[in-house]
Amino acid sequence: MGVGIGKSDAIARFEELCGNAVAEQEKFLMDRLAENKDTEYGKLFGFDDIHSVEEYQKELPITFHYDYEAIIERQVNGEDGLLTMERPVYYCISSGSTDSPKYVPVLEQDIRKQKFYWQDMIRETIRRQMPDASDEELFGKIFQIGEFRRDFMPDGTMCGVRAGALHRYLASRGELNMECYTSPEEVMFPKNTLEDMLYVKVRFALACRDVTAIHGVFVNRVVEILRYVADNWDAFLTDIETGEISDCFLVSHEWEVYLKEHLPADPQRAAELRAIPLEGLEDGLLKKIWPKIKYGRLIGGSMFEPYMDKFRMYAKDLPIHYFTYAASEGCFGIARHIDEEDAYYTLLPDTCFYEFVSETGEGEKIHTIRDVDVGSKYELLITTFSGAYRYAIGDVVEVVGFDGQAPIVRVCYRKSQVINIADEKMNVRQLEAAMRKFQMRAECTAEGFCVDGDYAAQKPRYVLYLEMAEGELPENAEAILDECLMESCFGYKRDRELAEIDRVKIQMIPQGGFRAYGRFMAKLGHSKEQDKPLRILVTEEQKAFFGGALLS
């Protein structure tokens with residue numbers, strides 16, 4: 001039975017929030033200050049004496065994660081009442097400013113809001129925009145790309161990536177319906193293992209004839225999995241047919257036993273998949289494997305253009321919901337429609353308090369949602385449920401419209417101090433720390449170096465452009481550098497271990513290359529570029545120069 005197109009409770013509630021977003025924002029801020037006025041941070045900055053947005057902006061500085069590292073470490077070690085009166089129920093783990101991982105506390109009320117948007121709101125949006133399909137046809141069997149490991153802090157608090165916070169929280173409370181997923185609970189929530197679960201997840205998904213949707217986080221991971229299926233098509237079909245595991249797949253004994261117990265030989269399913277022609281297999285692969293699939297849900301759009309092109313090859317005209325705009329620190333936006341031309345997100349009025357700094361840096365005024373302009377770009381500052389105050393997350397967004405009073409934004413880029421090809425978020429300090437280690441271990445000295453992302457290979461990887469001052473690189477230089485990058489950036493280490501990023505490639509630059517870059521930029525009028533070392537390639541001019549089009 002189809003679902004009518006009338007507004008659901010979730011959509012109606014959200015539209016009311018958006019219609020009063022200015023007041024909701026001020027209420028959110030004042031509620032957080034009142035809740036946390038007796039914390040150490042609240043007393044330090046006089047939360048009890050702040051009664052307006054203007055006073056808040058005057059009294060509190062703009063902050064970055066390194067401003068919180070010491071106090072969060074104390075919180076992790078058991079102290080209460082530091083940033084928030086409420087204790088965290090989860091810690092997001094992301095890349096920090098040093099070799100250590102970055103811990104971001106998450107309160108229960110934050111996760112309950114995440115549930116409303118990621119579960120209730122998105123389900124209602126999809127129902128409304130696909131009114132001829134039943135709930136069973138839309139949500140009956142979901143291939144959930146993510147895996148959310150059962151990791152814990154020393155005190156037993158759950159930890160992991162932001163994408164796993166909601167699933168882990170709901171599962172811990174018995175509120176997660178596992179029946180709608182192709183993977184069993186022990187596959188979606190593996191216990192304390194760094195083993196790549198990709199093969200296991202794919203086997204369960206391929207065994208299911210009735211997949212109705214594919215859910216992922218970032219599109220690059222979805223593309224990687226679909227490419228993995230296509231590249232190993234014959235071996236997968238053999239395994240489905242025999243119930244065995246081909247030698248080309250690396251699977252531990254524990255999971256091999258598990259798969260043989262839960263996925264016995266299924267010659268009929270293998271025959272169905274063998275009927276798919278090998279010629280042009282990748283074109284429209286999703287619907288070939290799962291004819292009942294109705295939509296995909298993932299983070300994509302113009303920021304991920306190289307991956308979106310590849311995804312469209314696999315998905316063809318499959319409707320896509322661009323999911324959410326979020327980070328370890330909070331949930332910021334939601335996509336309101338399916339199959340928009342880009343990933344547009346309505347900022348959520350009741351999950352964060354937002355401030356906007358002009359991208360150009362011109363003028364002293366820091367804006368709120370009350371006075372941002374359509375067509376303008378801003379760096380985003382957030383204040384969250386979980387104890388981030390006037391926090392610069394490093395994202396630049398463009399305001400493209402309004403949903404009631406709530407801005408609709410497109411995420412343009414992360415600021416240049418971060419390279420982020422698979423959600424690893426490596427910053428300049430981490431890159432420089434890795435290069436110091438590399439030069440010591442490789443017994444060489446660099447004249448200059450910078451890094452870019454390479455999306456042309458089977459898996460994305462870093463390319464390090466390196467000009468030598470003295471010494472020669474050893475034969476295993478790339479392996480040494482890869483090890484140093486993993487030591488310096490937790491996110492890079494995680495994504496390498498999960499096989500989301502391939503090993504770094506070193507591209508040698510001829511002597512004088514970085515000086516030539518300085519002259520090149522000076523001709524373009526960017527004289528200040530010579531005053532600071534280039535580390536991460538951001539602009540098209542930089543990429544073209546070091547990519548070989550302009551370097552001579």
Side-chain angles (χ1 to χ4, degrees), residues 1-18 114-146 163 166-167 170 176-183 205 208-219 222-223 225-226 283-301 304 308 311-326 331 333-346 348 400-401 403-404 406 408 410:
M1 178 178 178
V3 178
I5 61 173
K7 292 181 182 178
S8 68
D9 289 343
I11 291 176
R13 178 180 166 192
F14 182 63
E15 289 182 351
E16 183 177 357
L17 281 170
C18 290
Q114 187 178 346
K115 176 184 180 295
F116 172 74
Y117 288 109
W118 287 25
Q119 184 170 295
D120 303 345
M121 181 72 182
I122 290 178
R123 285 174 70 94
E124 296 297 349
T125 297
I126 291 169
R127 279 195 189 104
R128 185 179 179 189
Q129 295 185 33
M130 305 183 77
D132 296 330
S134 67
D135 272 15
E136 182 64 25
E137 291 172 319
L138 294 173
F139 314 115
K141 272 299 179 188
I142 297 167
F143 179 15
Q144 169 57 259
I145 297 294
L166 177 60
H167 289 83
L170 293 177
L176 185 65
N177 173 23
M178 289 301 305
E179 294 299 316
C180 69
Y181 295 112
T182 58
S183 294
C208 181
R209 296 168 170 82
D210 300 324
V211 168
T212 59
I214 184 168
H215 286 189
V217 183
F218 294 99
V219 65
V222 181
V223 166
I225 290 179
L226 296 176
D283 290 336
L285 180 64
L286 280 171
K287 288 188 176 180
K288 291 176 180 177
I289 298 174
W290 300 294
K292 295 182 180 180
I293 195 167
K294 294 291 185 184
Y295 68 97
R297 192 194 76 180
L298 51 86
I299 298 172
F304 301 87
M308 287 303 302
F311 178 75
R312 280 298 175 195
M313 175 182 66
Y314 294 116
K316 294 303 182 187
D317 60 350
L318 185 72
I320 299 301
H321 182 275
Y322 280 128
F323 193 17
T324 186
Y325 172 31
C331 302
I334 202 79
R336 291 296 311 279
H337 305 284
I338 292 174
D339 258 4
E340 293 196 286
E341 62 180 347
D342 204 346
Y344 301 126
Y345 301 104
T346 299
L348 310 177
V400 299
D403 198 338
I408 303 170
R410 178 178 67 87

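Predicted model only: the values in this text are computed from it and were never measured. Any value given below was found using the heavy atoms of this structure, including those in side chains, with hydrogens, waters and symmetry copies removed.
Nearest heavy atom pair, residue Leu170 against residue Lys115, reads CD2-CD, 3.9 Å. Between Gln129 and Ile338 the shortest heavy-atom distance is OE1-N, 2.9 Å. Nearest heavy-atom pair, His321 versus Phe323, reported as atom, atom and distance to 0.1 Å: ND1-N, 2.9 Å. Of all non-hydrogen atoms in Gly300 and Ala343, the two that sit nearest each other are O-CB, 3.5 Å. Heavy atoms only, all atoms of each residue included: Leu285 and Leu226 are closest at CD2-O, 3.9 Å. Shortest non-hydrogen contact noted between Asp135 and Arg123 is OD2-NH2, 4.4 Å.
Checked against side chain to side chain contact (heavy atoms under 4.5 Å, CB included), Arg312 has the following partners two or more places apart in sequence or in another chain: Ile320, Asp339. Listed by chain and residue number, Trp290 satisfy the ring pair (Phe, Tyr, Trp, His ring centres under 6.0 Å) test with Phe143 (two or more places apart in sequence, or in another chain). Taking the side chain to side chain donor-acceptor pair (under 3.5 Å) definition, one finds that Lys316 meets it with nothing, sequence neighbours left out. Evaluation of the side chain to side chain donor-acceptor pair (under 3.5 Å) rule for Thr324 yields Trp118 as partners, not counting sequence neighbours. For Tyr117, the ring pair (Phe, Tyr, Trp, His ring centres under 6.0 Å) criterion is met by Phe14, not counting sequence neighbours. Listed by chain and residue number, Ile293, Asp317, Leu318 satisfy the side chain to side chain contact (heavy atoms under 4.5 Å, CB included) test with Lys287 (two or more places apart in sequence, or in another chain). Looking at residues two or more places apart in sequence or on another chain, you find no ring pair (Phe, Tyr, Trp, His ring centres under 6.0 Å) involving Phe116. Looking at residues two or more places apart in sequence or on another chain, you find no side chain to side chain donor-acceptor pair (under 3.5 Å) involving Glu179. Applying the side chain to side chain donor-acceptor pair (under 3.5 Å) criterion to Asn177, with sequence neighbours excluded, gives no partner residue. Taking Ala406 as the reference, Cys18, Ala21, Thr346, Pro349 meet the side chain to side chain contact (heavy atoms under 4.5 Å, CB included) condition, with sequence neighbours excluded. Under the rule for a ring pair (Phe, Tyr, Trp, His ring centres under 6.0 Å), the partners of Tyr295 that lie at least two apart in sequence or sit in another chain are His215. Listed by chain and number, the residues in a side chain to side chain contact (heavy atoms under 4.5 Å, CB included) with Met178 are Leu176, Tyr181, Glu185, Met188, Phe189 (sequence neighbours excluded).
Separating the CE atom in Met121 from the CD atom in Gln114 is a distance of 15.0 Å, to the nearest 0.5 Å. If you take CZ on Arg336 and CG on Asp403, they are separated by 4.5 Å, rounding to the nearest 0.5 Å. Annotation: the span from Ile225 atom CD1 to Tyr314 atom OH amounts to 11.5 Å, rounded to 0.5 Å. Distance check, rounded to the nearest 0.5 Å: CD1 of Ile142 to SG of Cys208 gives 11.0 Å.
The backbone N or O of Pro319 sits nowhere less than 3.5 Å from a side-chain atom of Lys294 that would complete a donor-acceptor pair. When atom types are taken as modelled, the side chain of Tyr344 and the backbone of Tyr322 share no donor-acceptor pair closer than 3.5 angstrom.
In this structure, Leu348 and Ile334 have side chains that are in contact, with non-hydrogen atoms separated by less than 4.5 Å.
With Leu298 as the partner, the side chain to side chain contact (heavy atoms under 4.5 Å, CB included) test is satisfied by one option alone out of Ile214, Val217, Val219, Ile145: Val219.
Remark: Glu16 CD is loosely packed, at most 12 non-hydrogen atoms of other residues, nucleotides or ligands lying under 6.0 Å away.
Here Lys292 does not pair with Glu136 in a salt bridge; the nearest charged N to carboxylate O distance is not below 4.0 Å.
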Could you go through the side chain to side chain contact (heavy atoms under 4.5 Å, CB included) check for His167 and Gln144 one step at a time? CA-CA 11 Å; His167 289 83; Gln144 169 57 259; 3.8 Å; yes
